[in-house]
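Shown next, in C-alpha cells, is the structure this report addresses.
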Amino acid sequence: MKATWKAKKIDDLLTAFTGNDRATSVAENTCAVCNGVADSFADDLSEREYKISGMCQKCQDAVFNS
C-alpha cells in the first residue's frame with residue numbers, strides 16, 4: 001500500500017509526534033502510532049484514512065470514536 005503525499009514538513013512533524021515514518025509504516029502495513037499490524041479495516045473510508053494518517057483501525061477507533 002502507498003501513503004498519500006504530504007509536504008515534507010508535515011511528514012517530519014508526524015514522524016516527530018509518533019516516532020515512526022508514516023510512509024514507511026503504510027508501505028509495511030504497520031501502524032505509525034502503535035506499531036501494530038494494519039491489514040484490516042472496517043470500510044473503505046478507514047483504509048483511506050490509514051493512507052493519510054498511518055493509523056491502524058484500532059488507533060482510528062480510539063481517536064475518532066472517543
task: State plainly whether one hydrophobic cluster holds both Val26 and Phe41, where clusters connect Ile, Leu, Val, Met, Phe, Trp and Tyr through side-chain heavy atoms under 4.5 angstrom apart.
output: yes

message: Just to verify, what does Ser40 make a side-chain hydrogen bond (donor to acceptor under 3.5 Å, both in side chains) with, not counting sequence neighbours?
response: none

task: Identify which one of Val33, Asp11, Thr15 satisfies the side chain to side chain contact (heavy atoms under 4.5 Å, CB included) criterion when paired with Arg22.
output: Asp11

Side chain to side chain contact (heavy atoms under 4.5 Å, CB included) involving Leu13 - partner list, sequence neighbours excluded: none

message: Has Gln60 got a side-chain atom pairing as donor or acceptor with Glu49's backbone, closer than 3.5 angstrom?
response: no

message: Please report the interatomic distance CG(Leu14) to CD1(Ile52), rounded to the nearest 0.5 Å.
response: 11.5 Å

query: At their closest point, which heavy atom of Ala23 faces which heavy atom of Ala3, and how far apart are they?
result: CA-CB, 3.8 Å

Heavy-atom closest contact (Cys34 atom, Cys56 atom, distance): SG-SG, 3.8 Å

task: Starting at OH of Tyr50, measure out to CG of Asp39 and round the result to the nearest 0.5 Å.
output: 9.0 Å

- prompt: What closest approach, in Å, do Met55 and Cys31 show between heavy atoms, and which atom pair accounts for it?
  reply: CA-SG, 3.8 Å

query: By side chain to side chain contact (heavy atoms under 4.5 Å, CB included), which residues pair with Asp44, not counting sequence neighbours?
result: none

Worked check of side chain to side chain contact (heavy atoms under 4.5 Å, CB included) between Arg48 and Thr4: CA-CA 9 Å; Arg48 205 163 116 206; Thr4 57; over 6 Å; no

